[in-house]
Novice: 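Questions regarding the structure given below will be posed in turn.
Computed from a prediction, not measured in an experiment: that's the story for all the values here.
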Amino acid sequence: RARRRGGMPGYSDESYGRWKTLVPFLYDWFTHHRLVWPSLSCRWGPILERHDYKHKQRMYLSEQTDGSANSPNTLHVVTVDVIQKRVAAAEHMMFNEEDRSAFVKRTKTIVHPGEVNKIREFEASPNFIVTHTDAPELFLWNVDTQEGNKVSAKHNAAAAAAAAAAGVVGEGDRPVEPAKASPRRSKPDLVLVGHEENAAQFALAVHRESFHVISGGKDGHVLLWDVADHDGGSIWKVPGSRPGAGGSGVGVAGAGMRSGDFDDAPTLAPKMRFAGHQATVEDVSFHPTSDLQLCSVGVDSALIFWDGRQGTGPAHRVGEAHTDDLHSVDWSVLDDNLVVTGSADTTVKLWDRRKLGADGAACCVHTFGLHAVAITSVQWCPDQRGVFASGDDDGYLNVWDVDRIGAPQTAEQKKAGPPEIMFQHSGHRAQVTDFHWNPWDPWTMASVSSGDINTLQMWRMNDLIYRPEADALAELEKHKATICGARREDPPPPDNSEATHGRDTAIEQSRDGNSGGGGGTEGDAMVQ
């Protein structure tokens with residue numbers, strides 16, 4: 001799909017430059033990582049280490065290459081140093097657009113069969129992830145037991161040449177170095193089969209409390225697998241084990257179309273097949289607590305709710321949910337009545353499941369209309385009730401607050417946007433292909449863009465933006481002299497050099513690759 005690959009022109013250099021100067025004021029923490037190849041998906045993994053001023057956390061990142069033997073598509077496992085709240089100072093958030101972040105370290109590379117269009121992790125077993133591709137199959141990976149690969153010298157030489165042409169440098173300003181080993185395609189731990197057609201596939205979800213996986217495809221079907229069905233659940237029960245070759249007989253009849261045997265990797269057929277869409281299924285989402293209730297959206301502009309306890313037909317269908325293709329859907333984990341959708345018609349809509357008996361689209365609660373181009377993805381915040389985000393083809397990522405809908409505004413406030421818009425991240429200069437709220441670090445997000453400029457950005461908005469207004473104003477007043485510039489006759493600020501030194505040490509250790517923490521408390525850190 002062109003909208004997923006090519007990217008759209010971002011906003012002007014002038015607007016981007018203005019945003020860049022405001023980064024220390026808008027964000028509590030921000031880091032920018034230039035990518036040589038486009039990335040279509042990014043996901044936070046588990047926290048690996050905790051320290052006073054930061055924690056080390058796993059992240060999964062796709063890499064979309066040309067797919068040749070010398071430039072295979074890959075899935076990267078990286079570690080990220082996530083700086084704690086109110087630790088990063090302004091100078092630590094300034095960046096050169098062409099550089100790679102010192103906070104990001106690649107630890108393992110999986111050479112993937114086909115491009116990685118979407119990644120989803122199993123919260124019930126954090127070392128397992130599942131990927132969706134252009135092929136009809138889905139692939140399950142145990143990232144702890146998978147052997148890491150090094151890409152070929154030719155691949156890295158090509159990447160280095162591309163990086164040099166783009167001005168991209170490696171860690172510590174070192175050029176990208178060629179690897180010594182040739183690439184070999186990794187063997188998946190399990191292959192999920194059942195889809196009938198080859199096409200770029202993006203509809204994928206994993207239930208947060210079980211091992212159920214759902215997927216949609218060009219065949220118009222939504223398939224559900226229970227990965228625990230494979231080999232009696234041995235893939236989960238024996239730590240570090242790898243299943244043997246051979247398929248599983250569990251599931252509905254028909255293994256679907258196959259694009260390869262993937263080194264005789266074991267296969268699993270779907271448990272249920274839902275039919276009701278008239279065209280490609282673009283996205284799927286689970287009910288937060290029921291792994292047999294789900295919803296899906298597609299090119300047919302339909303929003304469909306399913307209940308596997310009652311059968312495989314639609315439980316409720318909204319036939320004209322938007323006026324164009326639906327690209328994304330997400331079901332709130334904090335309010336199981338609320339679902340949000342994003343469309344090519346540039347709008348985001350909020351749906352209330354309690355109104356599903358209404359005719360047509362009357363169950364739509366509100367339409368969010370600030371975007372000017374197609375929506376690529378929507379996602380609820382996992383720890384803030386009523387807050388969600390939406391990304392678009394122009395590179396904007398908006399954060400919304402449902403509780404602000406209908407709030408009174410002054411004439412000046414109306415010029416800036418509707419009351420429900422909380423924040424707009426403007427750091428990407430090309431299409432936002434994916435983003436993910438950090439489930440372990442409130443208000444922290446990772447986002448990727450692809451196009452002329454491929455970037456990974458990790459950020460946390462300034463807490464003055466979402467805190468109660470009275471608290472925010474009181475803190476601004478407390479630091480008014482610092483913000484506005486201290487008068488010459490004012491007394492010097494108190495000496496916080498010890499805390500500042502501890503904070504800076506943590507930042508510098510991240511840049512140097514050390515894992516140490518640092519002393520002091522959150523209250524000692526500089527207020528931005």
Novice: Which heavy atom of Gln379 sits nearest to which heavy atom of Asp330, and what is that distance?
Specialist: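 Scanning both residues completely, I find the closest heavy atoms to be CA-OD2, 3.4 Å.
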Novice: Tell me, do Val399 and His425 make a side-chain contact under 4.5 Å, heavy atoms counted?
Specialist: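 Of all side-chain heavy-atom pairs linking His425 with Val399, none is under 4.5 Å.
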Novice: Taking the six-membered ring for Trp and the full ring for Phe, Tyr or His, determine whether the centres of His327 and Phe202 are under 6.0 Å apart.
Specialist: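 Ring centres of Phe202 and His327 not closer than 6.0 Å.
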Novice: Could you give me the CA-CA distance, side-chain angles and deciding distance for Lys20 and Glu97, then say whether salt bridge (charged side-chain N to carboxylate O under 4.0 Å, His left out) is met?
Specialist: CA-CA 10 Å; Lys20 196 172 178 180; Glu97 190 176 349; 5.0 Å; no
Novice: Report yes if some heavy atom in the side chain of Val329 is under 4.5 Å from a heavy atom in the side chain of Val378; otherwise report no.
Specialist: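 Side-chain contact under 4.5 Å: no.
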Novice: Is a donor from one side chain sitting under 3.5 angstrom from an acceptor on the other, for His32 and Thr455?
Specialist: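 There is no such pair (donor and acceptor under 3.5 Å, judged by atom type) between the side chains of His32 and Thr455.
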Novice: Do Gln57 and Asn438 pair up side chain to side chain, a donor and an acceptor below 3.5 Å, judged on atom types alone?
Specialist: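 The criterion, which ignores hydrogens and geometry beyond distance, is satisfied for Asn438 and Gln57.
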Novice: Using the side-chain contact (heavy atoms from CB on, under 4.5 Å) definition, which of the options His428, Met445, Gln457 pairs with Phe435?
Specialist: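 When His428, Met445, Gln457 are each tested with Phe435, the side-chain contact (heavy atoms from CB on, under 4.5 Å) holds only for Met445.
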Novice: Answer yes if the side chains of Asn398 and Ser390 hold a donor-acceptor pair under 3.5 Å, and no otherwise.
Specialist: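 There is no such pair (donor and acceptor under 3.5 Å, judged by atom type) between the side chains of Asn398 and Ser390.
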Novice: Taking all non-hydrogen atoms of both residues, which atom of Met461 and which atom of Phe423 are closest, and how far apart?
Specialist: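 Of all heavy-atom pairs spanning Met461 and Phe423, the closest is CE-CB, 3.9 Å.
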Novice: Do the side chains of Lys478 and Glu475 get close enough for a salt bridge, i.e. N-O under 4.0 angstrom?
Specialist: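 Salt bridge flag = no for Glu475 with Lys478.
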Novice: Between the main-chain N or O of Ala321 and the side-chain N or O of Lys349, is there a donor-acceptor pair closer than 3.5 Å?
Specialist: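 Yes: the side chain of Lys349 pairs with the backbone of Ala321.
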Novice: Could you walk me through whether Asp28 and Arg460 pass the salt bridge (charged side-chain N to carboxylate O under 4.0 Å, His left out) test, one step at a time?
Specialist: CA-CA 5 Å; Asp28 177 76; Arg460 183 191 308 119; 2.6 Å; yes
Novice: Is Phe368 close to Ile421 at the side-chain level, that is, under 4.5 Å between some pair of heavy atoms?
Specialist: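 Ile421 does not reach Phe368 side chain to side chain.
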Novice: Compare all side-chain heavy atoms of Lys85 with those of Thr444 and state whether any distance is below 4.5 angstrom.
Specialist: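 No, every pair of side-chain atoms sits at 4.5 Å or beyond.
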Novice: For a side-chain hydrogen bond (donor to acceptor under 3.5 Å, both in side chains) with His322, tell me which candidate from Thr367, Asp345, Thr346 qualifies.
Specialist: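 Testing each of Thr367, Asp345, Thr346 against His322, the sole residue satisfying side-chain hydrogen bond (donor to acceptor under 3.5 Å, both in side chains) is Asp345.
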Novice: Apply the test side-chain contact (heavy atoms from CB on, under 4.5 Å) to residues Val77 and Tyr60: give CA-CA distance (whole Å), side-chain angles for both, the deciding distance (0.1 Å), then the verdict.
Specialist: CA-CA 5 Å; Val77 183; Tyr60 309 111; 4.2 Å; yes
Novice: Please determine, by modelled atom types, if His112 and Thr133 share a side-chain donor-acceptor pair under 3.5 angstrom.
Specialist: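 There is no such pair (donor and acceptor under 3.5 Å, judged by atom type) between the side chains of His112 and Thr133.
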Novice: In Å, rounded to the nearest 0.5 Å, how long is the span from CD of Glu115 to CG of Asp134?
Specialist: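 So the gap between those two atoms works out to 4.0 Å.
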Novice: Can you tell me how far the CG atom of Asp325 sits from the CD1 atom of Ile375, to the nearest 0.5 Å?
Specialist: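 Here the rounded value is 13.0 Å.
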Novice: Strictly below 4.0 Å, N to O, side chains only: are Lys118 and Asp434 in salt-bridge contact?
Specialist: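 Answer for the salt bridge query: no.
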Novice: Does the ring centre of Phe30 sit less than 6.0 Å away from the ring centre of Trp19?
Specialist: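 Aromatic pair counts; centres sit under 6.0 Å.
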Novice: Can you tell me how far apart CE (Met59) and CD (Glu121) are? Round to the nearest 0.5 Å.
Specialist: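 Here the interatomic distance stands at 11.0 Å.
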Novice: For atom CZ of Arg467, is the number of surrounding heavy atoms from other residues, nucleotides or ligands below 6.0 Å larger than 12?
Specialist: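 Counting other residues, nucleotides and ligands, CZ of Arg467 exceeds 12 neighbours.
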Novice: Just to verify, which of Leu138, Thr131, Ile119 counts as forming a side-chain contact (heavy atoms from CB on, under 4.5 Å) with Leu204?
Specialist: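 One option only clears the test, and that one is Leu138.
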Novice: Do Asp324 and Ser343 meet the criterion of a side-chain donor-acceptor pair at a distance under 3.5 Å?
Specialist: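 No.
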Novice: Say you draw a straight line from NE2 of His76 to CG of Leu35; how long is it, rounded to the nearest 0.5 Å?
Specialist: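 CG of Leu35 is found 8.5 Å from NE2 of His76.
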Novice: Going through the checks in order, is the salt bridge (charged side-chain N to carboxylate O under 4.0 Å, His left out) test met by Asp403 and Arg385?
Specialist: CA-CA 9 Å; Asp403 291 338; Arg385 189 181 182 91; over 6 Å; no
